[in-house]
Number of protein chains: 2
Amino acid sequence: MSRKAQHSDIAFRKHDHRRCQRELLSGAQQLCARRKQRLTSRRRQVFEILLASHQPLGAYDILAAMNRVGNLERIAPPIVYRALDFLMGEGLIHRIESKNAFITCVDPGHRCAAQFLICRDCDQVAELETEDASLVAAAADLGFAVDHSVVEITGVCAECQKHGG
Amino acid sequence: MSRKAQHSDIAFRKHDHRRCQRELLSGAQQLCARRKQRLTSRRRQVFEILLASHQPLGAYDILAAMNRVGNLERIAPPIVYRALDFLMGEGLIHRIESKNAFITCVDPGHRCAAQFLICRDCDQVAELETEDASLVAAAADLGFAVDHSVVEITGVCAECQKHGG
DNA sequence: GACATAATGTTATATTATAACATAACTCGA
DNA sequence: TCGAGTTATGTTATAATATAACATTATGTC
């Protein structure tokens with residue numbers, strides 16, 4: 001079994017999510033510091049909301065979480081979208097196109113195109129970082145210069161297959 | 001060079017688009033007839049608008065095209081979305097998630113997961129039908145049952161690289 | 001033709017995302 | 001430390017995408 005597979009199934013296995021969160025947060029802080037980018041409190045707030053979630057969240061879910069904190073402020077959409085743009089720009093989160101949602105990157109800094117396995121039952125997402133050699137080859141054949149790739153596989157994870165029937 | 005590549009680059013090469021359209025339309029009619037599905041005039045209208053386009057179109061672009069025909073009727077969004085749902089269900093068109101847009105399938109009936117190369121300059125899309133073996137293997141490793149896959153590669157096609165600089 | 005079903009039409013509204021501009025906060029050199 | 005330039009945040013309004021719910025019409029079948 002490949003390293004990728006070991007890596008990939010984090011979302012589909014029990015693990016210490018608390019620790020996972022702490023590590024990703026401090027990793028993000030270090031990464032931003034190294035790049036002279038500012039992980040401001042708003043940006044961190046959005047990042048932490050995503051970290052705390054086991055599922056991808058829509059921008060308005062994040063917005064609701066921010067407004068739910070019982071305080072007086074009423075956050076508006078652009079604030080969330082701007083924080084999301086920043087976090088995506090730094091590779092700290094990914095956008096799941098087929099769900100209009102966002103999720104933390106399991107391995108920021110490691111700049112390889114991500115691929116996602118999305119369970120339509122439990123809504124969890126596993127991030128892989130395999131590379132599709134045949135697709136890369138086909139693109140090269142056509143002289144197509146790749147910028148960005150979206151690979152999102154929807155289905156049912158092993159756990160949900162057991163339970164769901 | 002593989003069959004896929006010969007197939008795939010249709011969108012990025014000169015070809016007889018008229019003939020291409022005619023063939024896809026009659027193919028769609030035959031396919032629906034065989035399946036006892038009704039390619040009604042509304043559905044065909046939407047399909048033809050997509051066929052006539054060299055680019056993916058948003059639902060509201062299609063809507064505008066339908067309302068532009070100088071006649072009195074004012075079509076509303078659900079009509080378009082329902083036709084799109086039908087056409088997707090029959091595999092006659094694809095949805096491009098990263099653009100919220102729709103495009104005709106170059107090879108309906110051939111039920112293999114499609115992959116797209118999307119030029120961000122000219123907005124044209126090449127449909128490939130390669131299969132990502134490593135991803136399929138990774139999914140199998142995890143016991144993940146694949147339902148549907150979205151593979152969308154954005155970049156710049158060969159033609160636009162020449163012109164654009 | 002009468003019934004059941006499928007498709008279309010209509011109205012209203014939900015969901016996702018951004019434009020445009022005002023204010024505040026940080027940075028850095030004088 | 002002041003202030004000019006820049007970056008980030010806040011605010012308001014609205015654009016773009018998509019669906020719910022229900023009324024009407026068309027189609028197929030007996």
Side-chain angles (χ1 to χ4, degrees), chain A residues 28-29 32-33 35-50 53 55-67 69 71-90 92-103 123 150 152, chain B residues 28-29 32-33 35-50 55-69 71-90 92-103 123 150 152:
Chain A
Q29 284 168 328
C32 286
R35 294 181 184 162
K36 310 264 189 240
Q37 293 295 319
R38 295 168 54 205
L39 187 61
T40 61
S41 64
R42 275 286 179 239
R43 290 166 176 174
R44 207 181 62 201
Q45 182 183 20
V46 169
F47 188 58
E48 287 182 334
I49 287 168
L50 283 172
S53 170
Q55 287 112 3
L57 296 179
Y60 281 75
D61 296 329
I62 295 168
L63 189 59
M66 290 168 89
N67 283 330
V69 198
N71 48 13
L72 337 84
E73 65 181 355
R74 228 92 269 267
I75 300 297
I79 294 187
V80 176
Y81 282 103
R82 284 193 291 229
L84 291 170
D85 283 347
F86 171 84
L87 296 167
M88 282 194 289
E90 297 304 319
L92 296 170
I93 65 173
H94 296 289
R95 180 181 164 86
I96 306 290
E97 294 290 346
S98 54
K99 295 181 74 83
N100 294 333
F102 302 86
I103 192 167
D123 224 42
V150 170
E152 299 172 9
Chain B
Q29 285 167 328
C32 288
R35 294 181 185 162
K36 311 264 189 240
Q37 293 295 319
R38 295 169 54 204
L39 187 61
T40 62
S41 64
R42 274 287 178 238
R43 291 165 176 175
R44 207 182 62 202
Q45 182 184 19
V46 169
F47 187 58
E48 288 182 333
I49 288 168
L50 282 172
Q55 287 113 3
L57 295 179
Y60 281 74
D61 296 329
I62 295 168
L63 189 60
M66 289 168 89
N67 283 331
R68 202 156 39 218
V69 199
N71 48 13
L72 338 82
E73 65 181 355
R74 226 92 269 265
I75 300 299
I79 293 186
V80 175
Y81 282 102
R82 283 192 292 230
L84 291 170
D85 283 346
F86 171 84
L87 296 168
M88 283 194 288
E90 297 304 319
L92 296 170
I93 65 173
H94 296 289
R95 180 180 163 86
I96 307 290
E97 295 290 347
S98 54
K99 295 182 73 83
N100 294 333
F102 302 86
I103 192 168
D123 224 43
V150 169
E152 299 173 6

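The shown structure was predicted, so the numbers you read here are calculated from the model rather than taken from an experiment. So you know, we letter chains A, B, ... as the sequences are listed, proteins then strands, and number each from 1.
Put simply, N100(B) has a side-chain N or O that comes within less than 4.0 Å of OP1 or OP2 on dA18(D). Regarding contacts with the backbone of dA26(D), every side-chain N or O of T40(B) stays at 4.0 angstrom or more from both OP1 and OP2. Side-chain N/O atoms of R42(B) include none lying less than 4.0 angstrom from OP1 or OP2 on dA26(D). Neither OP1 nor OP2 of dT17(D) sits under 4.0 Å from any side-chain N or O of Y60(B). Here R38(B) does not reach the OP1 or OP2 of dA6(C): none of its side-chain N or O atoms lies under 4.0 Å away.
At a cut-off of 3.5 angstrom, counting only N and O atoms as typed in the model, there is a donor on one side and an acceptor on the other between the side-chain of R82(A) and the base of dG10(D).
Rounded to a whole Å, the CG atom of L63(A) is 12 Å from the P atom of dG10(D). Atom CE of M66(A) and atom P of dT9(D) are 9 Å apart (whole Å). Taking atom CD on Q37(A) and atom P on dT6(D), their separation rounds to 16 Å, with Å as the unit. Look at CG on D85(A): it is 14 Å from C1' on dA19(C), rounded to the nearest Å. Note: CZ (R74(B)) to C1' (dT11(C)) measures 16 Å, nearest angstrom. Put simply, CD1 on I75(A) is 19 Å from P on dT16(C), counting in whole angstrom units. Remark: P of dT27(D) and CZ of R43(B) are 12 Å apart, rounded to the nearest angstrom. Remark: C1' of dA21(D) and OH of Y81(B) are 17 Å apart, rounded to the nearest angstrom.
A salt bridge links E97(B) and R95(B); the closest N-O separation between the charged side-chain nitrogens and carboxylate oxygens is under 4.0 Å. A salt bridge links R42(A) with E73(A): the closest approach of a Lys/Arg side-chain nitrogen to an acidic carboxylate oxygen falls below 4.0 angstrom.
When every heavy atom of F102(B) is checked against every heavy atom of L84(B), the shortest pair comes out as CE1-CD1, 3.6 Å.
Nearest-nucleotide positions on DNA chain D place F86(A) closer to the 5' end than the other of F86(A) and K99(B).
We find the NE2-CG distance between H94(A) and L50(A) to be 11.5 Å, quoted to the nearest 0.5 Å.
In this structure, a donor-acceptor pair under 3.5 Å is present between the side chains of E152(B) and S98(B).
If you check dA18(D), dA17(C), dT11(D) against the side chain of I79(A), the one that comes closest is dT11(D). Checking dT11(D), dT10(C), dA18(D) against every side-chain atom of P78(B), the shortest atom distance belongs to dT10(C).
At the heavy-atom level, R44(B) lies nowhere under 4.0 Å from the strands shown.
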